[in-house]
Structure formats: structure tokens, C-alpha cells
There are 2 protein chains.
Amino acid sequence: MTATAALTSPRKRSGNGAVRRNDADEIGLDALVGHAGYAVRRFQIWIFQDFIRTLGDVDIRPTQYSVLTVVGANPGLSQMAVAKRLGIERARLVHLLDSLEQRRLVKRVKSKADRRSHALHLTAQGATALAKFKRLAAEHERHVEEKIGKENREQLLRILAGFT
Amino acid sequence: MTATAALTSPRKRSGNGAVRRNDADEIGLDALVGHAGYAVRRFQIWIFQDFIRTLGDVDIRPTQYSVLTVVGANPGLSQMAVAKRLGIERARLVHLLDSLEQRRLVKRVKSKADRRSHALHLTAQGATALAKFKRLAAEHERHVEEKIGKENREQLLRILAGFT
DNA sequence: AAAGATTGTTGTTGACGACAACAATTCGCG
DNA sequence: CGCGAATTGTTGTCGTCAACAACAATCTTT
């Protein structure tokens, strides 16, 4: 089960007689191939890069998109509620909202019911912008489908549904 | 397909008559549920937290583990080769190796063949330590299995095999 | 009314990815 | 052969993100 790499193709050699194995595809991952976390991590990096590239023109990153989506679907939520729902630190959400509010996509309304908290709403501008973001995000999702296959993507969503 | 939350359980009310919907399970994610990236991201966070907790006693993080595993399976690799294979910036790998070398788990040997590069090896101490890390990592992997199911984990590894 | 909890905010720390610059060394090509 | 181009390890900066800790303002509990 161990040295997979050492057995196959003839090795390139440099000036002297030393073995060169710099080529990535000859290097075995050993135990790493059995770890879900490694594969998931690599996939997550790929998927975020594609998302960022696909929504590059509108300059929206995955976390910003998730906040806009949730606020759009649940107007009036407090920052605490959004943070809890998305698994974001409330300290971090502060900066995210600062940015989104500066761009006039979201507004913080002082809650009458609980004067500690802010009720979050999309601006009119934010609502139309979000519609565009969703179209681009759907395009990104098609990239994912092309990469891993339609059935695999659906299977993946089913397997991981519990984490949303 | 929209307001899933608004229909069910009776709402808690605060002092006045305002509706409270702070409870996370009442908040809809809207378009987010169809996005693989969101699910993958949440899962990846969960899985890394479990890895870090399970290997907490030995103070090894996922990236460190991946470096040790690859060096252990391919002694003599250059830093560049390891970085490329694992998708790590070579600048970042420098710090990772600094830490691992200080802990006497890895050593950088000046390569005779190419005097620019370092050949990476586990120390004897590093080899026995890695064996322990692998046992703990296998324990972590069982946690994953318990969380999503044996078949689902295998399915996941199959779907994402291309990213390793 | 007093004690305790919650909300938004600010700040710090550390892991991480992306980039840019640099010296030492090797490689490619004329 | 020799010289310019490329590679390797290193240092440094910048921005993202998770995890904490502290704080003032404001509820809630008793």
C-alpha cells in the first residue's frame, strides 16, 4: 500500500546521477488519498476561485453573496441572527456589512423592538443587484457541473445537505 | 419555494408585539441551498475543526499533516516539489518547514545535485511521530464516517478524487 | 432596582492564499 | 564556452478568515 510512485516510469536524471522527481504526478500522497478532508479542501479552493472569478466583474465574494442572499430572503433579521445562521462570527459580520452598506446594497435599520439590534434590509439597488449576482452564481454552478458532472454535483449536495 | 420558515411553529414574542425570528432554524437560505460551494465550505469547516480537535494533543494541523505525509512517502523531495504537489505556496511552505524543523520532525538536507534546493526528510523522531499522527487521523476519519455515513464518505472521495 | 445576559462594535492573534522582490544557483541557447 | 533566462529558497506585504476578548448600550430575570 506504500510506495506507489517508485515503481513505474523511467526517471529523468540531472547532470550527475541524482534522481529527479520534481514532476508533481510522480509524487505519492500516501495516507492523504484516504482523507475526505484533503479532497474537500482542494475542491473548496477550486470552487471558491471559480466563484470569485465568475463574479469578478461585480466584485462579490462567496461570503458577501451568502449574506445578501439570506438578508434578501429574510428581511429584518438582526446581525446576530444572520451570523448564527451562516456560521459567521458576529465580529466578522460587522465588517462585511460595513462594506455592503457603503456600496448601498444593504441598510441597517435601528430596531424599535430591541434597540440594541439592527434590522437588516436590502436597498432597492441591492435587490436588483442581487438578482444579477444570482444569475452569475448560477453560471458558476454550471462550471461546477461541468467539472464534476451533473449527477455527482447532485449527489454531493445530497450528502452535504445536513451542513447547510 | 420561498418562505419555508413563516408557516410552522408559534413565534416567540418580545415585550411589545414584534416578531422574533432569531432562531436559526427558522431562517431560509434561499438560493444558497442549491450551491455546492456553500455546502462544501460548511463541511470543510466542520471537518477541519474535528481534525484539529482530534489531533489537538499532538498539536498538528491539517496542512502540517499533509506535508509530513508527503515527505514521509517521498523522502528527498525538494520544497518546490512538495509545494506544487500539495498546492501550497512555496513561500508558505518555508514557514511550515521552519516550524516542523524546530520540532525535529523534518530536516532540510542540502542537495548535492542542485545546490539551490533542499532535500526533505523525516527525522527518526519524525517518522515515529507521523505513525502516531496517522492513527489519530484515522480516528478523525471515523468521525467523518459517523457524521455522513460510510457509503457517503466513499462516494464523496470518489467524486472528488480528481482534485487530489 | 440590581444582577446577568445579549447585541453590536473594536481590537488582537494566528492560519492561510496571493504576490512581489531578491540572492544563489542552474539551465538553455547562441 | 559564456551569458541571459529560468528556478529555488527566502523574506516581506497585503487581504481573507476563524477564534477570542473586552466594552458600552440595552434587554431580561428575579
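By convention in this document, chain letters (A, B, ...) are assigned in the order of the sequence lines, proteins followed by strands, and residues within each chain are numbered from 1.
Among the nucleotides D:dC27, C:dC16, D:dA18, the one closest to the side chain of A:R116 is D:dC27. For B:D114, taking side-chain heavy atoms from C-beta onward, the closest of the listed nucleotides C:dT26, C:dG17, C:dG8 is C:dT26. Checked against C:dT26, D:dG9, C:dC19, the side chain of B:E89 finds its nearest nucleotide in C:dC19.
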Distances under 3.5 Å between nitrogen or oxygen atoms of protein and nucleotides 10-14 of chain D:
residue: D:dT10; atom: OP2; partner: B:Q79; partner atom: OE1; Å: 3.0
residue: D:dT10; atom: OP2; partner: B:Q79; partner atom: NE2; Å: 3.0
residue: D:dT10; atom: OP2; partner: B:R108; partner atom: NH1; Å: 2.7

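Contact between the side-chain N/O atoms of B:R41 and the OP1/OP2 oxygens of D:dA18 is found at a separation under 4.0 Å. Proximity of B:R61 to the phosphate of C:dG14: no side-chain N or O atom is located under 4.0 Å from OP1 or OP2. For A:T63 and D:dC17, the shortest distance from a side-chain N or O to OP1 or OP2 is below 4.0 Å.
The end-to-end axis angle of the helix from C:dA1-D:dT30 to C:dG30-D:dC1, rounded to 10 degrees and based on five pairs per end, is 30°.
Taking the six-membered ring where tryptophan is involved, the planes of B:H143 and B:H140 are perpendicular, since the angle between them exceeds 60° and thus also 30°.
Under a hydrophobic-cluster definition in which Ile, Leu, Val, Met, Phe, Trp and Tyr are linked whenever side-chain heavy atoms come within less than 4.5 Å, directly or via other members, A:L160 and B:I45 are assigned to different clusters.
Between the CD atom of A:Q44 and the P atom of C:dC16 there is a distance of 13 Å, given to the nearest Å. At whole-Å resolution of the value, NZ in A:K110 and C1' in C:dG8 are 11 Å apart. Computed from coordinates, the B:L93 CG to C:dG17 P distance equals 11 Å when rounded to whole Å. Here the C1' atom of nucleotide D:dA25 and the CE atom of A:M80 are 16 Å apart, to the nearest Å. To the nearest angstrom, P of D:dA18 lies 12 Å from CD1 of B:I52. Atom C1' of nucleotide D:dC17 and atom CZ of B:F48 are separated by 13 Å, given to the nearest angstrom. Atom CG in B:L100 sits about 16 Å away from atom C1' in D:dG9, given to the nearest Å. Atom CZ in B:R42 sits about 14 Å away from atom C1' in D:dC17, given to the nearest Å.
Within the 3.5 Å criterion, the main-chain N or O of B:L86 finds a donor-acceptor partner in the side chain of A:R42. For A:R90 (side chain) and A:K84 (main-chain N/O), no donor-acceptor pair under 3.5 Å exists by modelled atom type. Formation of a donor-acceptor pair under 3.5 Å by the A:S78 side chain with backbone atoms of A:S117 is not found in this model.
With respect to B:Q155, the side-chain hydrogen bond (donor to acceptor under 3.5 Å, both in side chains) criterion is satisfied by exactly one of B:E151, B:R158, B:R153: B:R158.
The residue B:Q49 sits close only to the backbone: its heavy atoms come under 4.0 Å of sugar-phosphate atoms, none of a base. Note on A:I88: nothing from the nucleic acid sits closer than 4.0 angstrom, heavy atoms only.
Taking only distance into account, the side chain of B:R115 never meets the base of C:dT25 through a donor-acceptor pair shorter than 3.5 Å.
Taking the charged nitrogens against the carboxylate oxygens, B:K134 and A:D30 do have a contact shorter than 4.0 Å, which makes a salt bridge.
Residues A:Y65 and A:R61 have side chains that never bring a donor and an acceptor to within less than 3.5 angstrom of each other. A side-chain donor from one of B:Q44 and B:R41 sits under 3.5 Å from a side-chain acceptor of the other. Side-chain polar atoms of B:Q79 and B:R108 form a donor-acceptor pair below 3.5 angstrom.
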